[in-house]
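None of the values given here were measured: they were computed from a predicted structure. We use all heavy atoms of the structure for the numbers below, so side chains are in, but hydrogens, waters and symmetry mates are not.
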Amino acid sequence: VFTVGNQLVETLLRHEDMTRRDAWDKSVDMLKAVGIPSPEKRMHDYSFQMSGGMRQRVMIAMSLCLDPDILIADEPTTALDVTVQAQILALLRRLNRERGISMLLISHNLQVVRRICSRVAVMQRGHIVEEGAPEQLFTAPQHPYTAELINAIPRRVRRG
């Protein structure tokens, strides 16, 4: 119902003391920051006119426009193809590094967790059962549930 620009600007106007013009300019800057091509044009688009990867980037821009200290990313790569997943993960890593934003990544994709996280907590039925560095958890899991999860990761089958 609303354009991407309207959603971004409204977020800023509700939470920041700024003019509509300043909110518009900051929104364009945020779209640039997350890699949206032609951000000025995209401000006039509706989300249904964008690909899944672009919609995810817009959501990240919306999340970042209020300069948070922490970004909670709940399954940020679900329903995206592998190439777009890699782009979104690279974007999240870059934002973490460049802006100093802490990130809480919630994911069932253990390959994503292993690649992007510096610390991992494994939950079973709402309780943390194991916590540690990714390499520690993936190479020497201490809890049976963690071991089950790791053993369930599909392995490449070698042919020939």
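Considering only heavy atoms from C-beta on, L95 comes within 4.5 Å of L64 through its side chain. For the pair L137/V113, no side-chain contact is recorded, criterion being any heavy-atom separation below 4.5 Å from C-beta on. Between L110 and F138, some side-chain heavy-atom pair lies under the 4.5 Å cut-off. Using a 4.5 Å heavy-atom threshold, the side chains of L89 and R93 count as touching. Residues L12 and S27 are in side-chain contact: their nearest non-hydrogen atoms beyond the backbone lie under 4.5 Å apart. Within the 4.5 Å cutoff, the side chain of P134 has no heavy atoms near those of the R119 side chain.
Separation of atoms OG (S107) and CD (E75) is listed at 4.5 Å; rounding is to 0.5 Å. One distance of note links CE of M54 with CD1 of I88; it measures 10.5 Å at 0.5 Å rounding. Between the NE2 atom in H127 and the CZ atom in R125 there is a gap of 9.5 Å [rounded to 0.5 Å]. How far CG of D67 is from NZ of K26: 4.0 Å, rounded to the nearest 0.5 Å.
A 6.0 Å sphere centred on CZ of R14 holds no more than 12 heavy atoms belonging to other residues, nucleotides or ligands. Within a 6.0 Å sphere centred on CE of M103, other residues, nucleotides and ligands contribute more than 12 heavy atoms. For N151, the CG atom is densely surrounded, since the number of other residues' heavy atoms within 6.0 Å is greater than 12. Heavy-atom neighbours of L104 CG from other residues, nucleotides or ligands within 6.0 Å: above the threshold of 12. Crowding of D74 atom CG: a count of heavy atoms from other residues, nucleotides or ligands under 6.0 Å exceeding 12.
Within the 3.5 Å criterion, the main-chain N or O of M50 finds a donor-acceptor partner in the side chain of R55. E130 places no side-chain N or O within 3.5 Å of a backbone atom of P141 that could act as its donor or acceptor partner. Judged by distance alone, with hydrogens and angles left aside, the side-chain atoms of Q49 form a donor-acceptor pair with the main-chain N or O of Y46 at under 3.5 Å. No side-chain donor-acceptor contact under 3.5 Å links Q124 to the backbone of V129. No donor-acceptor distance shorter than 3.5 angstrom exists from the side chain of S38 to the backbone of K41, with no hydrogens or angles considered. With hydrogens and angles ignored, the 3.5 Å screen pairs no side-chain donor or acceptor of E131 with any backbone N or O of V120. Counting only distance, with no hydrogens or angles, the side chain of K32 and the backbone of P39 share no donor-acceptor pair below 3.5 Å. Listed for the E135 side chain is no donor-acceptor partner under 3.5 Å among the backbone atoms of A133. No donor-acceptor pair under 3.5 Å is formed between the side chain of N6 and the backbone N or O of F2.
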Report task. Report the C-alpha distance between I128 and V122 in whole Å, list the side-chain angles of each, state the deciding distance to 0.1 Å, and finish with yes or no for side-chain contact (heavy atoms from CB on, under 4.5 Å). Result -> CA-CA 6 Å; I128 295 174; V122 177; over 6 Å; no
Query - Derivation of the salt bridge (Lys or Arg N to Asp or Glu O under 4.0 Å) call for R20 and D25 - result: CA-CA 9 Å; R20 183 166 284 281; D25 291 343; over 6 Å; no
Query raised in the report: Yes or no on salt bridge (Lys or Arg N to Asp or Glu O under 4.0 Å) for D45 and R42, after CA distance, side-chain angles and deciding distance?
Result: CA-CA 5 Å; D45 288 352; R42 292 298 184 173; 2.8 Å; yes
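S47 and V4 make their closest contact through N-CG2, 4.2 Å (heavy atoms, listed as atom of the first residue, atom of the second, distance). Nearest approach of I101 to L71, heavy atoms of both residues: CG2-N, 3.7 Å. Heavy atoms only, all atoms of each residue included: A23 and L13 are closest at CB-CD2, 4.0 Å. Annotation for Q85 and L80: closest pair NE2-O, 3.0 Å, computed over non-hydrogen atoms. Listed here is the closest heavy atom pair of V9 and M43: CG2-CE, 4.2 Å. Of all non-hydrogen atoms in L8 and M62, the two that sit nearest each other are CD2-CA, 3.6 Å.
By the criterion of side-chain heavy atoms lying less than 4.5 angstrom apart, applied directly or through intervening Ile, Leu, Val, Met, Phe, Trp or Tyr residues, M59 is not grouped with L31; the two fall into different hydrophobic clusters.
With respect to I116, the side-chain contact (heavy atoms from CB on, under 4.5 Å) criterion is satisfied by exactly one of N109, L105, N96, T77: L105.
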